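First the proteins, then the strands, lettered A, B, ... as listed; each starts at 1. These numbers were taken from a predicted model, which means no experiment stands behind them.
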Number of protein chains: 2
Amino acid sequence: MTRTLTVAGLQLAFSGNRDADIAMTAAAARAAAEGADVVLPPELFEGHYFCRHEDEGLFANALPLDKHPAVAAMREVALETRTYIPCSFFEKDGHHHYNSLAMIDDGGNVMGVYRKSHIPDGPGYEEKFYFRPGNTGFKVWPTPKGVIGVGICWDQWYPETARAMMLMGADVLLYPTAIGTEPHDPDLDTRRLWRRAMVGHAVSNVVPVLACNRIGTEEAGTRHAQTFYGTSFACDQRGDIVHDLDDHTLGVVRASFDLGLAARHRAAFGFFRDRRPDLYGRLAQDI
Amino acid sequence: MTRTLTVAGLQLAFSGNRDADIAMTAAAARAAAEGADVVLPPELFEGHYFCRHEDEGLFANALPLDKHPAVAAMREVALETRTYIPCSFFEKDGHHHYNSLAMIDDGGNVMGVYRKSHIPDGPGYEEKFYFRPGNTGFKVWPTPKGVIGVGICWDQWYPETARAMMLMGADVLLYPTAIGTEPHDPDLDTRRLWRRAMVGHAVSNVVPVLACNRIGTEEAGTRHAQTFYGTSFACDQRGDIVHDLDDHTLGVVRASFDLGLAARHRAAFGFFRDRRPDLYGRLAQDI
C-alpha cells in the first residue's frame, strides 16, 4: 500500500443548464479519473453560481441527498472509475438549506455529508440568503491511501478549518471553490489573496493542499456579470506550487502527493508537538 | 490622530559580546527611530543565538525584567526617541527561565511582559532546554495609533497566535525572530516557508505584518556554524510585500501601515463576522 495520493481537480465553466452542467462535469470527472485516487469537481457544479442574486425561486433547486442529480451522477462516476469524489451540492433537509458536500467512496457509496461551516455574504456572493451555516462540524474521510479533509470555498480562508481537519488526522486538504470578480469593486482582485491563505495553511500544517475553481463569465453583458478566475492549484506541504492552471482554460489540476514524506516533515517541524491549547480558549469562545 | 502607524524593524548581526551587542542594537534603534512609532529589534539581540547548544552555563545570562541590560537600554532609547519598543530578552523569574518580551512605551515605561508561548526544539534550535513555555497567554498593546500584537519567533508559525491577538483587537502583528540554516540538513531552506506562513496570517486576518530577523554566520568555521537568513519583511493586509531586505545586509525594514484602511478591508471581507467558534472547540482541547 503506497502512501502516494493522486488528486485530480476539475476547472470547469458552466452553462447554467443544470442537467447539461452535471452531465458535463460527470464526463470531465470520468476523463480525469485515469490514474487518480480522488476527483474533485468545483463547488456547486450544478450550474451558474446562483448566489449572486437573492431570488426565492432558486430554493426549489435544493434537493435532499438521496434525490440530488449531482450526487447521483458522481456516485456513478465514482463506482465506474473506482475513485473518491467529494461532491458539492445544494442540499435541502426539511426546511433547511445547506451548501453541502457528499463524500462518495470508490464504490459509489456516500460516506457522509459535510455542510459548509462558514457562509460568506457580500455583493455578488449572497450566500447567507440561501444557506444555513453548516451544523455537521468539520469532517475528514478515511481512504486506503490517507485521510482526506475537505472544506468548501469560504471555509478555505479560515485557519481554523484547516487546523481542525488536521487535528482530526487529515493528510491532505481539498477545497472546491467558486470565486471570481467582485461586481461592486472592479479594482479588487482577490486571486493572489485566495492562494496565499491556502498556501499559509499548507505551511502552518505541513500538509499538501489542492483547490479547484470555476472559470468563465456568467451573466455576461449585464451589470451582474461575474468572471470566475480559475487559477486552480496544488501545493505541497511546504507551500511550493506543484501544478496550477490559468484563469481562462478548462483543465485538470493534478498532483501526486507523497503523504508519507509530508507526515515525516510534519513531525520534524514540531508544530503540532508545540501547540498550546491551554492558551487557545479565546478562539473557541463566542465573545 | 492619524491611523497611520510606522514600524521600523532592525535586521542586525551580532558579535557574541553581550554588552557590545546591546549597545549596537540601541544605536541602531536610535537611528531607525526617526519618523517611526514603533522600533522592533530582532529576537534575543543580547548576543549570539545561544540555543544551538545545550549549555547549563548559559542560564546565568537570564535576568529578571528589572535587572536585564537589554531592557534597560531599550527603555532609554524609547524615552529618548518617543517610540514604542517590543524588547526581546532572556528572562529569569525565580527558578523559571523564559524567552520573553518587555513592551516598552514611548515614555520608557514597561507596559508588561509577554512570554513566548510556543517553544521549538530541534537540531540548532534547542529552545526547550532553556525556556519554559510562556505562562502569560497572548498579549496586545494599546498605543495612540493602534493596538500592537507581538509574537516571538516560533509563535509566528501558528495561526492560533495571530488569531488570538486579532481577537484581542490587534491592528498590526509584529514578530521578532532568529531563524536561519538547519545544521543537520543543509538542503532545508525554510525562508520561503517562513514568509508564507506570516503572509497567510496577514490575508486570513486582513492585517499588516512585519517580521525582522538577524543575519550573519555564528560559530563560523565550526560544525555548529549557523547562518541567519534575514529577509525581514513587511506586508500589508492583503499580504502584498511593501518592504523587504535581503539575506546578508544590515538594515531597517520600514513600513507605514494605514490601519484605518486595514480595518475597513477587514470588516468588508467578513472573516470575523463569519467565524464559527461553536465548531472550534477541538482547537482548544488537549486531545
Side-chain angles (χ1 to χ4, degrees), chain A residues 117-122 125 127-128 133-138 154-155 157-164 167-168 185 188 190 192-206 235 237-240 265 268-271 273-287, chain B residues 117-122 125 127-128 133-138 154-155 157-164 167-168 185 188 190 192-206 235 237-240 265 268-271 273-287:
Chain A
S117 301
H118 301 96
I119 306 296
D121 201 81
Y125 301 89
E127 296 199 18
K128 287 196 193 298
N135 61 349
T136 58
F138 306 110
W154 199 234
D155 289 331
W157 297 88
Y158 287 80
E160 293 92 344
T161 309
R163 192 67 114 192
L167 290 171
M168 298 168 81
D185 184 355
L188 175 56
T190 61
R192 67 196 189 288
L193 288 67
W194 180 70
R195 191 172 284 193
R196 285 169 184 160
M198 285 181 276
V199 165
H201 305 331
V203 170
S204 294
N205 293 286
V206 198
C235 69
Q237 65 274 10
R238 290 181 168 165
D240 291 326
H265 286 171
F269 255 107
F271 294 150
R273 176 195 64 198
D274 301 333
R275 291 183 77 247
R276 296 292 306 277
D278 55 318
L279 302 183
Y280 303 156
R282 179 67 179 261
L283 273 66
Q285 289 165 20
D286 186 14
I287 52 177
Chain B
S117 301
H118 302 97
I119 306 296
D121 202 80
Y125 301 88
E127 295 199 19
K128 288 197 194 297
N135 61 350
T136 57
F138 306 110
W154 199 234
D155 289 331
W157 297 89
Y158 286 80
E160 292 91 343
T161 309
R163 192 66 113 192
L167 290 171
M168 298 168 80
D185 185 355
L188 176 55
T190 62
R192 68 195 188 289
L193 287 68
W194 180 69
R195 190 171 285 192
R196 285 170 185 161
M198 286 181 277
V199 165
H201 305 332
V203 170
S204 293
N205 293 285
V206 198
C235 68
Q237 65 274 10
R238 290 180 170 168
D240 291 327
H265 286 171
F269 255 106
F271 293 151
R273 176 196 63 197
D274 300 334
R275 292 183 77 248
R276 296 290 307 275
D278 55 318
L279 302 183
Y280 303 156
R282 179 68 179 259
L283 273 67
Q285 288 166 21
D286 185 15
I287 51 173

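Interface remark: of the candidates A:R282, A:R276, A:M198, A:E160, A:E160 forms the most heavy-atom pairs closer than 4.5 Å to chain B. For the options A:S204, A:A164, A:G281, A:G200, heavy-atom pairs under 4.5 Å to chain B are most numerous at A:S204. Most heavy-atom pairs under 4.5 Å with chain A: of the set B:P120, B:A162, B:G239, this distinction falls to B:G239. Comparing A:D121, A:N135, A:V203, A:D274 by heavy-atom pairs within less than 4.5 Å of chain B, the highest count is held by A:D274.
Looking at B:Q285, only its backbone comes within 4.5 Å of chain A, counting heavy atoms on both sides. Residue contact with chain A, scored on non-hydrogen atoms closer than 4.5 Å, involves the side chain of B:W154 exclusively. If you measure heavy-atom distances from B:I287 to chain A, you find no contacts under 4.5 Å at all. Only the backbone of B:I119 comes within less than 4.5 Å of a heavy atom in chain A; its side chain stays farther off. Both the backbone and the side chain of A:L193 come within less than 4.5 Å of a heavy atom in chain B. Residue B:T190 touches chain A through its side chain alone, counting heavy-atom pairs closer than 4.5 Å. For chain A, no part of B:N205 is nearby; none of its heavy atoms comes within less than 4.5 Å. Of the two parts of A:F271, the backbone and the side chain both hold a non-hydrogen atom closer than 4.5 Å to a non-hydrogen atom of chain B.
For the salt bridge (Lys or Arg N to Asp or Glu O under 4.0 Å) condition, the pairs that include at least one residue of residues 192-203 of chain A, sequence neighbours left out, are A:R192-B:D240, A:R195-A:D244, A:R196-B:D240.
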Which is it for B:K128 and A:R273 under the side-chain contact (heavy atoms from CB on, under 4.5 Å) test, yes or no, and what are the steps along the way?
CA-CA 12 Å; B:K128 288 197 194 297; A:R273 176 195 64 198; 3.7 Å; yes

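Using a 4.5 Å heavy-atom threshold, the side chains of B:D286 and A:R275 count as separate. Using a 4.5 Å heavy-atom threshold, the side chains of B:Y158 and A:Y280 count as touching. B:H201 places none of its side-chain heavy atoms less than 4.5 Å from the side chain of B:T161. Under the 4.5 Å side-chain criterion, counting only non-hydrogen atoms from C-beta, A:L188 is in contact with B:R238.
Taking the ring-ring contact (aromatic ring centres under 6.0 Å, His included) definition, one finds that A:Y125 meets it with A:Y49, sequence neighbours left out.
Closest non-hydrogen pair, A:L279 versus B:S117, comes out as CD1-OG, 3.4 Å.
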